[in-house]
J.: 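The structure's right below; bear with me while I get my questions together.
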Amino acid sequence: MKAIEILKTDGRARRGTLLTGHGHIDTPVFMPVGTQGTVKAMTHKELWEMGVRMTLANAYHLYLRPGDEMIRRMGGIHEFSGWDGAMLTDSGGFQIFSLGVLREIKEEGVLFQSHIDGSRHFLTPEKMVKVQENIGADIAMCLDECVSYPSSYEYTSRSVDLTTDWARRCRAARSEEGSQKLFGIIQGGFYEDLRVKSAHELISMDFDGYAVGGLSVGEPKGLMWDMVDTVIDLLPPEKPRYMMGVGMPEDLLEGVKRGIDMFDCIIPTRLARNGTFFTPAGKMNIRNARFAEDKRPVVEGCSCYACRTYSRAYLRHLLMAHELTSFYLNTIHNVYFYMEFMGNLRRAIEAGTYDEFYRVFKRQYEGGEYDD
RNA sequence: GGAGAGGUUCCCGAGCGGCCAAAGGGGGCAGACUGUAAAUCUGUUGGCGAAGUCCUUCGAAGGUUCGAUCCCUUCCCUCUCCA
């Protein structure tokens, strides 16, 4: 079954509808990250009201706790959590990368030591497909190896072969009944030929969609876009393209311009908890002393609950006092900002004015004039 | 009135002859964060534009010493116990 319908294009930018088992999702879409089946500090109510219709959870984390079998017995992640929107699960590939000290990568799979209790687990592509089926994600991701930057050509090359082999095994392991979609993940580090090779091999396996992974791992920005450019035109236009783990608003702007349909990133939620707000004029660190007695909202004219109700001074106070409400309100603002931003991107594509939107946004965002 | 303990940089608190502008924590200030082991991490926190065999600082004033936050004397102030 088809995973996306493209409604309109503007240059390379695509405006479409992602077809999932839990609703049709307007693309380009940004998925807030909810690793453990919840976007930190949010309930479904706030997310839904802000227009979030799709989130990302993590199969590795849910496998360890509470357990994928348990979630299956509870009726799947949607029933278990009460989330009516769509959900994509990452396979745990990123954890192979980020929890590096606790792992050993083999051809057969990854030997992993749980960060929770130290227990040993052998994660294979087949197993992670099964885990994601148990969880009941609308979109599952293949197990992959996300290579760090910098990595040698030799290492990256072997890693791509491994990721490709794992993708083949994931493809073979999936059960064909049900509406869950499975995406392949293009790797290849920062070597164009490896990216091309990875893309070609995955495309030949006919996945429901394709992700570009292994980006934003510490490389210069230019390199990241080189890799996207290298691969984007190889991808079948009738399938969704997902840029994993990206990014900042300016990254979304660049990605959409290049034809990416889906993004996820921890940035809006984590930065919120750490005191950084997104504004049309760039990032704002609310801890800065100059906001101590600032009665204005974070963003003048912003319709989010936090901006409608609270001042910079008060939000700063909540953060400094380590009040839990701070996480809630800050996250609301940043997620709202992202949702509104994505809506604007989509409308710009519909209107055929993406280039203009791109220029205006960048000028404002890099101008940094929120402090008057 | 008697006995004892103590006063250290914004706060708490270590230091008890030079390696001390003074550990550590808190707080403050600033930075970072990109498929979340994140309610996290990093830097900085006396002055002098920077630097230093520089200046000021460890309750106050004297003293001993080449040298004192550290030893001595007196004073001021806190706290505890006894009366």
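Letters go in sequence order (proteins before strands), and every chain restarts at 1. Remember, predicted model here, so these are calculated numbers, not experimental data.
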J.: What does A:D251 touch in the nucleic acid at a heavy-atom separation under 4.0 angstrom: a base, only the sugar-phosphate, or nothing?
T.: base
J.: Check every strand shown and say whether A:M320 touches a base, only sugar-phosphate, or nothing at a heavy-atom separation below 4.0 Å.
T.: sugar-phosphate
J.: Roughly how many Å apart are B:rG26 and B:rG43, using the P atom of each and rounding to a whole number?
T.: 13 Å
J.: Work out how far the P atom of B:rU53 is from that of B:rC72, and round it to whole angstrom.
T.: 32 Å
J.: With both distances under 3.5 Å as the test, what is the Watson-Crick or G-U wobble partner of B:rU73?
T.: B:rA61
J.: Paired with B:rG43: which nucleotide, if any, by Watson-Crick or G-U wobble criteria at under 3.5 Å for both distances?
T.: B:rC29
J.: By the 4.0 Å heavy-atom rule, please label A:D264 as base, sugar-phosphate, or nothing.
T.: sugar-phosphate
J.: I would like to know whether A:Y63 and A:H121 meet side-chain hydrogen bond (donor to acceptor under 3.5 Å, both in side chains); could you show each step before the answer?
T.: CA-CA 10 Å; A:Y63 155 78; A:H121 302 263; 2.7 Å; yes
J.: Determine the interatomic distance between P on B:rA21 and the same-named atom on B:rC58; round to the nearest Å.
T.: 14 Å
J.: Taking pairing as Watson-Crick or G-U wobble with both contacts under 3.5 Å, can you name the mate of B:rG67, or confirm there isn't one?
T.: none
J.: Nearest of B:rU36, B:rC29, B:rG31 to any side-chain atom of A:A289?
T.: B:rC29
J.: Choosing from B:rA39, B:rG35, B:rU36, which nucleotide comes nearest the side chain of A:L324?
T.: B:rA39
J.: At 4.0 Å (heavy atoms only), tell me whether A:G214 reaches a base, stays on the sugar-phosphate, or touches nothing.
T.: base
J.: With a 4.0 Å cut-off on heavy atoms, is A:I185 in touch with a base, just the backbone sugar-phosphate, or nothing at all?
T.: base
J.: Measure from the side-chain heavy atoms of A:H115 and tell me the nearest of B:rG31, B:rA39, B:rA37.
T.: B:rA37
J.: Would you call the rings of A:Y354 and A:Y358 parallel, tilted or perpendicular, where under 30° means parallel and over 60° means perpendicular?
T.: tilted
J.: Please confirm whether the shortest side-chain N or O distance from A:N285 to OP1 or OP2 of B:rC33 is below 4.0 Å.
T.: no
J.: Taking only the side-chain nitrogens and oxygens of A:Q95, find out if one of them lies under 4.0 Å from OP1 or OP2 of B:rU36.
T.: yes
J.: In terms of side-chain heavy atoms of A:I267, which of B:rC33, B:rA39, B:rG31 is nearest?
T.: B:rC33
J.: Mind checking the C1' distance from B:rA51 to B:rA39? Whole angstroms is fine.
T.: 42 Å
J.: Using atom P in both nucleotides, what's the gap between B:rG63 and B:rU69 to the nearest angstrom?
T.: 15 Å
J.: Write down the partner of B:rU53 under the Watson-Crick or G-U wobble criteria, each distance required to be under 3.5 Å.
T.: none
J.: Take atom NE2 of A:H61 and atom P of B:rA38, then tell me their distance rounded to the nearest Å.
T.: 7 Å
J.: Indicate, with a heavy-atom threshold strictly under 4.0 Å, whether A:L88 touches base, sugar-phosphate, or nothing.
T.: nothing
J.: Name the nucleic acid region contacted by A:L56, choosing base, sugar-phosphate or nothing; use a 4.0 angstrom heavy-atom cut-off, strictly under.
T.: sugar-phosphate
J.: Angle between ring planes, A:Y60 versus A:F112, binned at 30° and 60°: parallel, tilted or perpendicular?
T.: tilted
J.: Roughly how many Å apart are B:rA22 and B:rC41, using the P atom of each and rounding to a whole number?
T.: 25 Å
J.: Have A:D161 and A:T164 got a donor and an acceptor in their side chains that come within less than 3.5 Å?
T.: no
J.: Quick check on B:rU34: is either OP1 or OP2 less than 4.0 Å from any side-chain nitrogen or oxygen of A:S216?
T.: no
J.: Look at all strands and tell whether A:R103 reaches a base, only sugar-phosphate, or nothing, counting heavy atoms closer than 4.0 Å.
T.: nothing
J.: Identify the residue among A:K362, A:K221, A:R12 that makes a salt bridge (Lys or Arg N to Asp or Glu O under 4.0 Å) with A:E254.
T.: A:K362
J.: Does any nucleotide pair with B:rA38 by Watson-Crick or G-U wobble geometry, both distances under 3.5 Å, and what is it?
T.: none
J.: For atom C1', what is the distance between B:rU34 and B:rG27, given to the nearest Å?
T.: 31 Å
J.: Now, which nucleotide makes the Watson-Crick or G-U wobble pair with B:rA3, with each of the two distances under 3.5 Å?
T.: B:rU80
J.: Mind telling me whether A:Y365 and A:F361 have parallel, tilted or perpendicular rings, with 30° and 60° as the class edges?
T.: parallel
J.: Between B:rC33, B:rG35, B:rG31, which nucleotide has the shortest distance from any of its atoms to the side chain of A:R287?
T.: B:rG31
J.: Answer yes or no: does a side-chain N or O of A:R316 lie under 4.0 Å from OP1 or OP2 of B:rC29?
T.: yes
J.: By nearest atom, which of the nucleotides B:rC29, B:rA38, B:rU34 is closest to the A:R273 side chain?
T.: B:rA38
J.: Using the side-chain heavy atoms of A:K283, tell me which of these nucleotides is nearest: B:rC33, B:rU36, B:rU34.
T.: B:rC33
J.: Let's see if you can work this out: which of B:rC33, B:rG35, B:rG27 has an atom nearest to the side-chain heavy atoms of A:S91?
T.: B:rG35
J.: Given atom OH of A:Y63 and atom C1' of B:rU36, what is their separation to the nearest angstrom?
T.: 20 Å
J.: Between B:rC33 atom P and A:M248 atom CE, what is the distance in whole Å?
T.: 5 Å
J.: Under 4.0 Å between any heavy atoms, over every strand shown, what does A:S98 touch: base, sugar-phosphate, or nothing? Just pick one.
T.: sugar-phosphate
J.: Whether the side chain of A:D144 and the base of B:rG35 hold a donor-acceptor pair under 3.5 Å is what I'd like checked.
T.: yes
J.: If the C1' atom of B:rA37 is compared with that of B:rG28, how far apart are they to the nearest Å?
T.: 29 Å
J.: Which pair of heavy atoms, one from A:Q187 and one from A:E145, lies closest together, and at what distance?
T.: CD-O, 3.3 Å
J.: Does the Lys NZ or Arg CZ of A:K283 fall within the cation-pi geometry relative to A:F277 - under 6.0 Å from the ring centre and within 45° of the axis?
T.: no
J.: Answer whether the closest heavy-atom distance between the side chains of A:M342 and A:R346 falls below 4.5 Å.
T.: yes
J.: I want to verify a distance call: between B:rU34, B:rG31, B:rU36, whose nearest atom is closest to the A:N288 side chain?
T.: B:rG31
J.: With heavy atoms under 4.0 Å as the rule, sort A:Q187 into base, sugar-phosphate or nothing.
T.: base
J.: Provide, to the nearest angstrom, the distance between the CD atom belonging to A:Q36 and the C1' atom belonging to B:rU36.
T.: 9 Å
